[in-house]
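Notes to accompany the following structure.
These figures come from a predicted structure and were not determined experimentally.
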There are 4 protein chains.
Amino acid sequence: MRALIINCTLKPAPQPSNTEALARVVAEAMEKDGVTVEWVRAVDHDIKPGVENDMGPGDAWPAIREKVLNSEILVIATPTWVGKPSSVAQRIIERMDALISETDDNGVPVAYNRVAGVVNTGNEDGAHHVIAEVTSALADIGYTIPGQAWTYWHLGPGPGPDYLDDQKGHDFAAKTGRAMAQNLVTVARALATTPLQAPPS
Amino acid sequence: MRALIINCTLKPAPQPSNTEALARVVAEAMEKDGVTVEWVRAVDHDIKPGVENDMGPGDAWPAIREKVLNSEILVIATPTWVGKPSSVAQRIIERMDALISETDDNGVPVAYNRVAGVVNTGNEDGAHHVIAEVTSALADIGYTIPGQAWTYWHLGPGPGPDYLDDQKGHDFAAKTGRAMAQNLVTVARALATTPLQAPPS
Amino acid sequence: MRALIINCTLKPAPQPSNTEALARVVAEAMEKDGVTVEWVRAVDHDIKPGVENDMGPGDAWPAIREKVLNSEILVIATPTWVGKPSSVAQRIIERMDALISETDDNGVPVAYNRVAGVVNTGNEDGAHHVIAEVTSALADIGYTIPGQAWTYWHLGPGPGPDYLDDQKGHDFAAKTGRAMAQNLVTVARALATTPLQAPPS
Amino acid sequence: MRALIINCTLKPAPQPSNTEALARVVAEAMEKDGVTVEWVRAVDHDIKPGVENDMGPGDAWPAIREKVLNSEILVIATPTWVGKPSSVAQRIIERMDALISETDDNGVPVAYNRVAGVVNTGNEDGAHHVIAEVTSALADIGYTIPGQAWTYWHLGPGPGPDYLDDQKGHDFAAKTGRAMAQNLVTVARALATTPLQAPPS
């Protein structure tokens with residue numbers, strides 16, 4: 001079983017990413033459960049705007065799309081900016097839009113029988129909305145969203161420190177992240193045993 | 001396998017409910033697949049405000065809560081009002097909030113291994129947001145949201161007719177509803193075979 | 001100038017309301033600026049479901065609607081439940097839906113030239129989404145939303161204490177509340193001097 | 001009085017933009033009312049990811065930021081993708097985030113005394129949510145959102161034609177757009193006469 005974590009931070013490598021730091025908790029829990037985890041830091045790649053599978057010369061999406069299709073589990077890790085998922089996360093969602101109408105040879109949409117979850121960090125507030133925005137988009141595309149398949153960290157109210165700068169709340173975020181990992185893996189296995197079929201006509 | 005459809009229309013029986021009319025498509029598809037479907041029209045019951053399992057004398061929630069816990073599948077059917085799920089749908093979500101911290105004897109949250117979806121009708125616009133609001137709340141509580149577990153109907157842009165008053169778009173809404181039914185039932189079966197476990201400590 | 005604060009707590013009087021406690025900061029700042037402030041605790045009134053101005057015998061809305069129309073400033077004070085505005089807040093919004101199509105003798109929608117803001121308290125997260133949900137509905141209905149016309153309080157991540165049980169963050173919430181009050185009053189005065197007109201045909 | 005329309009389509013010039021086509025109705029109505037309207041098609045500029053005013057060599061934001069600060073009126077024109085504002089719109093919002101903490105010499109936040117609205121086109125559904133997401137972010141930053149300061153177009157339910165490909169609903173979208181223009185201009189004038197002040201300490 002394979003998982004892909006797409007880190008949607010606005011900061012290119014090698015800058016430290018708070019979102020990546022929290023996502024690592026989820027990755028380690030999945031790896032302990034036998035899952036192979038791959039990472040993409042999206043901002044380091046030239047993912048062109050558009051909603052086709054390939055937006056032409058220099059587009060980094062086709063290679064990332066292949067990783068998406070090779071993974072039963074997708075984790076979108078995103079910071080909160082002005083209360084919303086990052087522009088990088090929305091770019092990923094837009095490029096995944098083309099999956100809606102793709103099927104395998106049996107007519108099963110390619111996103112079916114895959115599961116998705118969200119890791120979110122921010123300075124202040126907005127995690128549940130960010131999680132709702134990302135998971136609702138991925139469920140539209142065909143991903144199954146396991147119960148409690150998210151973790152997050154911020155302190156409130158008002159602007160505050162980053163995840164890497166304050167240990168407060170890390171226990172909650174880590175414990176929630178380990179439950180998230182378990183739920184993602186279990187539902188991915190459940191769908192492997194009892195898969196979704198092609199939609200009735 | 002049992003499904004509960006909670007119709008969150010603002011209109012008490014016996015007024016015709018557009019939302020119920022579309023939800024019937026989903027109910028029939030689940031019944032054909034061997035599922036027992038029960039209905040609650042929430043506005044006809046005195047569901048008290050609050051977030052406890054029982055808000056005291058006259059509270060209709062404890063009886064509905066029992067139906068929720070007897071059902072592997074939950075469908076929230078709600079109209080759109082001013083772009084949001086109805087106040088009746090939000091009342092249901094608030095009363096389900098107490099489920100977050102309840103577990104069975106093995107420590108498994110009671111909402112785990114259940115699936116949920118949304119049926120939505122409106123005059124104009126807003127279905128995907130309504131679906132996102134309801135499913136994100138239910139996923140918080142522990143429900144698994146299968147890929148494409150929703151259907152909706154409205155015409156746009158601007159104010160327009162009700163579902164029962166215009167045949168346009170019924171084909172899309174019905175076909176989507178049948179796929180929703182299939183996906184709900186399949187993921188419920190997948191979880192019955194491969195259930196979610198208690199969260200790791 | 002008059003302001004109406006509708007407290008959308010789920011708890012009937014005389015239970016203490018965290019949301020009311022924070023809204024008092026906003027009320028006092030408006031009163032110091034010469035505004036007459038009136039309060040409604042919505043859950044104490046039998047506001048019937050529906051979207052007409054009067055839903056029949058026993059409906060408490062017509063009396064509250066009169067207070068809404070007597071006030072240039074409206075403050076919706078609501079707790080966060082499962083990441084959303086309370087069912088009581090959504091009930092208020094639904095009942096205000098009928099204002100969309102009402103105009104004065106000059107064809108000016110009755111909600112024009114009024115301003116609105118939000119006070120929000122919660123245990124955990126979600127304030128900006130709650131504010132977005134309420135203000136976007138009121139802007140649909142015709143209210144003007146001044147810049148930074150909200151305040152909120154919660155601590156995160158994960159479940160935590162109520163506003164009345166922890167002094168942390170009260171300074172931020174109070175300072176933000178005083179700015180909110182000033183912005184509401186200023187934009188209400190700006191609209192009184194330079195009012196919105198009837199929409200062009 | 002000056003207005004800036006930022007078109008957040010995913011399609012670079014000279015491809016036709018549905019969103020621009022609808023935004024033109026709003027621009028023309030503002031111009032008739034004496035407003036100077038400037039356009040930016042954001043996807044044609046290399047707006048770097050980040051939340052600082054200048055993200056370094058090649059960053060197109062500083063020049064666009066100057067246009068934002070020269071305009072009392074801002075219109076974000078965005079398509080809907082997977083139910084959300086485009087990644088280009090979110091990029092603009094992220095870059096405007098730095099305005100939150102900037103003030104003029106009197107301590108007045110630079111976004112105060114400016115107004116904003118939204119033009120939205122899509123294939124299917126989601127306009128009110130897109131409007132809520134964009135306006136709530138801009139109100140956080142300090143913009144005032146006039147009552148009914150938006151217009152939109154889509155047909156539903158399900159995937160459908162683009163704005164430029166179907167005349168249905170254009171009347172509603174254009175009439176709503178003219179009202180939007182009038183409300184933006186009127187509230188901008190109201191704030192010029194009766195401006196917001198520095199927040200109380």
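Contacts with chain B were tallied for C:Asp97, C:Val43, C:Asp140; C:Asp97 has the most, counting heavy-atom pairs under 4.5 Å.
In B:Gln15, the CD atom is crowded: over 12 heavy atoms of neighbouring residues, nucleotides or ligands sit closer than 6.0 Å. For B:Asp171, the CG atom sits in a loose shell: 12 or fewer heavy atoms of surrounding residues, nucleotides or ligands are nearer than 6.0 Å.
Within residues 78-91 of chain B, the residues that have a heavy atom under 4.5 Å from a heavy atom of chain C are B:Trp81, B:Val82, B:Lys84, B:Pro85, B:Ser86, B:Ser87, B:Val88, B:Gln90, B:Arg91, listed by number.
Once rounded to the nearest 0.5 Å, the distance linking CE of C:Met55 with CG of B:Leu10 reads 8.0 Å.
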